[in-house]
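Please read these numbers as outputs of a predicted model, since none were measured by experiment. All values below were derived from every heavy atom in this structure, side-chain atoms included, with hydrogens, water molecules and symmetry-related copies excluded.
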Amino acid sequence: RGSNSDMRILMVCPSYPPQDVTCGVGDYTRCLAEELVRQGEDVVVLTSDRYRGETSGPVTVLPRVRAWTIGEALRLTSSAISPPVDLIHLQYTPDLYGQGLGFKLLPLLARIRSGPPVVITFHTLVGGSLRSRVVVPLLLLSARWSISANEEVSALIRRRLPLLVGRFTEIPIGANIPTKPRGMQSASQTALGLPQEGPVLVHFGLIYPGKGLETLFTALSELLRVRPHVRLVIVGDTRVGNRGYLADLKALAERLGIASAIMWSGHRSGEEVSHILSAADIFVVPYDDGVSIRRGSLMAGLAHGRPVVSTISTLPSAYLRDGDNIALVPPKDAAALAARIASLLAKPEEAACLGKAALAVAEKFSWSSIAQETRNLYAQVLRR
């Protein structure tokens with residue numbers, strides 16, 4: 001097949017949205033699937049029975065899996081999808097398919113049973129059980145090809161599995177929030193409940209430990225001493241298991257005396273998030289483990305042309321450069337974070353330049369480019 005030929009692709013993702021629990025991998029899969037369809041491919045998504053959306057449309061969704069077992073893998077390799085698919089694209093993070101080995105044998109079973117070739121996108125290799133980490137070499141070996149979704153995954157494979165370096169391609173993710181064309185940001189700050197005066201800082205993403213919110217709160221308490229009108233808007237969902245953590249954050253804000261300067265937006269639609277990001281003076285994501293292009297929320301901030309303040313990573317990025325397209329400070333350093341934000345607020349020209357450069361780097365990760373690279377890879381796999 002040529003790279004412009006129609007292909008029938010089965011995308012496998014347990015967390016395909018909308019579901020009760022927000023998931024960045026699910027958002028990625030939705031954006032990729034929809035763009036593949038726009039480019040002429042036929043995409044079917046296999047997801048869990050917790051899916052809450054439409055099943056028919058440009059992307060066909062099959063919400064029929066209750067447990068990701070070896071039985072499901074066997075069904076997929078025996079023409080369980082009608083009409084048959086040309087290729088299976090599996091989205092992977094540790095434990096996304098449960099603790100067992102079961103469904104993760106899909107690429108191996110597809111080879112043994114001469115089923116459709118399996119391509120795997122690895123979103124992260126960090127975390128999960130010991131068993132989930134042991135299974136990665138098996139997945140890399142048994143898949144027809146693999147995609148690394150970010151620099152961290154690529155670096156881990158090169159460092160820990162150097163013999164498998166020739167079996168993957170790096171295709172970074174894009175923003176998980178669509179941007180509105182310039183001039184169409186009509187929602188007012190009043191309608192969104194945003195602060196009406198003073199600089200607005202925005203933090204966006206799922207709320208759970210490791211996002212640096214404790215550092216941000218301490219930094220905000222310092223900022224308020226010199227800029228009493230600064231306000232922080234926190235946009236993002238909280239999973240059930242992290243509601244206790246959310247309560248702890250709110251208690252911390254009370255202890256620091258900054259609760260009145262924080263707006264908790266909670267879960268918002270993609271359009272509302274886009275309006276809020278566009279209203280931000282500075283987008284602040286001070287991750288404890290450093291900035292990474294694996295984070296769709298970061299990519300959303302960049303794609304909206306906001307000046308972004310984040311934290312230095314132990315793995316330098318080929319795309320993000322401090323003082324050029326992003327402002328970076330050491331992780332967990334509230335004083336440095338407060339000083340960098342204050343500096344950008346005092347120098348709007350510098351902040352505007354950062355925002356313009358952020359938008360330029362984000363354009364390298366457009367979904368149209370990502371989908372085209374993925375289609376080219378599919379065509380390469382099917383020619384083998």
*Verify side-chain hydrogen bond (donor to acceptor under 3.5 Å, both in side chains) between Ser292 and Arg295, making sure each step is shown before the conclusion.*
CA-CA 6 Å; Ser292 168; Arg295 298 183 183 274; 5.5 Å; no
*What's the verdict on side-chain hydrogen bond (donor to acceptor under 3.5 Å, both in side chains) for Arg167 and Ser146, showing C-alpha distance, side-chain angles and the deciding distance?*
CA-CA 6 Å; Arg167 301 184 61 88; Ser146 296; over 6 Å; no
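Residues His89 and Leu32 form a side-chain contact, since some pair of their non-hydrogen atoms from C-beta on lies under 4.5 Å apart. Looking at heavy atoms from C-beta onward, Val119 lies in side-chain contact with Val381 at the 4.5 angstrom threshold.
A centroid separation of 6.0 Å or more is found between the aromatic rings of Phe283 and His304.
Taking each heavy atom of Val153 and Thr124 in turn, the nearest pair found is CG2-CA, 3.7 Å. Of all heavy-atom pairs spanning Asp86 and Pro116, the tightest one is O-CB, 4.0 Å.
In this structure, Glu222 has no side chain to side chain donor-acceptor pair (under 3.5 Å) partners at least two apart in sequence or on a different chain. In this view, Tyr28 and His123, Trp367 satisfy the ring pair (Phe, Tyr, Trp, His ring centres under 6.0 Å) rule, not counting sequence neighbours. Take Thr60 and apply the side-chain contact (heavy atoms from CB on, under 4.5 Å) test, not counting sequence neighbours, and it matches Val44, Leu62. Shown here are the salt bridge (Lys or Arg N to Asp or Glu O under 4.0 Å) partners of Arg144, two or more places apart in sequence or in another chain: there are none. Residues satisfying the salt bridge (Lys or Arg N to Asp or Glu O under 4.0 Å) criterion with Asp248, sequence neighbours excluded, are absent altogether. In this structure Phe365 satisfies the ring pair (Phe, Tyr, Trp, His ring centres under 6.0 Å) test together with Tyr319, sequence neighbours excluded.
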Scan the side chains in residues 202-219 for donor-acceptor partners under 3.5 Å anywhere in the protein, sequence neighbours excluded, and list what turns up.
from: His203; atom 1: ND1; to: Val284; atom 2: O; distance (Å): 2.9
from: Lys211; atom 1: NZ; to: Leu206; atom 2: O; distance (Å): 2.6
from: Glu214; atom 1: OE1; to: Tyr245; atom 2: OH; distance (Å): 3.4
from: Glu214; atom 1: OE2; to: Tyr245; atom 2: OH; distance (Å): 2.9
from: Thr218; atom 1: OG1; to: Glu214; atom 2: O; distance (Å): 3.2

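Electrostatic pairing of Asp49 and Arg66 counts as a salt bridge here, judged by a charged N lying under 4.0 Å from a carboxylate O.
Applying the salt bridge (charged side-chain N to carboxylate O under 4.0 Å, His left out) test to pairs two or more places apart or on separate chains, none has a residue in residues 352-368. For residues 340-352, the pairs satisfying salt bridge (charged side-chain N to carboxylate O under 4.0 Å, His left out) are Asp322-Arg340, with sequence neighbours left out. The list of salt bridge (charged side-chain N to carboxylate O under 4.0 Å, His left out) pairs with a residue in residues 145-159, not counting sequence neighbours, reads Glu152-Arg294. The stretch residues 11-39 participates, sequence neighbours left out, in these salt bridge (charged side-chain N to carboxylate O under 4.0 Å, His left out) pairs: Asp20-Arg52, Arg30-Glu34, Glu35-Arg38. Evaluation of the ring-ring contact (aromatic ring centres under 6.0 Å, His included) test over residues 140-169, restricted to residues two or more places apart or in two chains, returns none.
The OG1 atom of Thr314 lies 8.0 Å from the CG atom of Asp289; values are rounded to the nearest 0.5 Å.
With hydrogens and angles disregarded, a donor-acceptor distance shorter than 3.5 Å links the side chain of Arg8 to the backbone of Pro83. A side-chain donor-acceptor contact under 3.5 Å links Thr47 to the backbone of Pro14. Between the side chain of Glu41 and the backbone N or O of Met7 there is at least one donor-acceptor pair closer than 3.5 Å.
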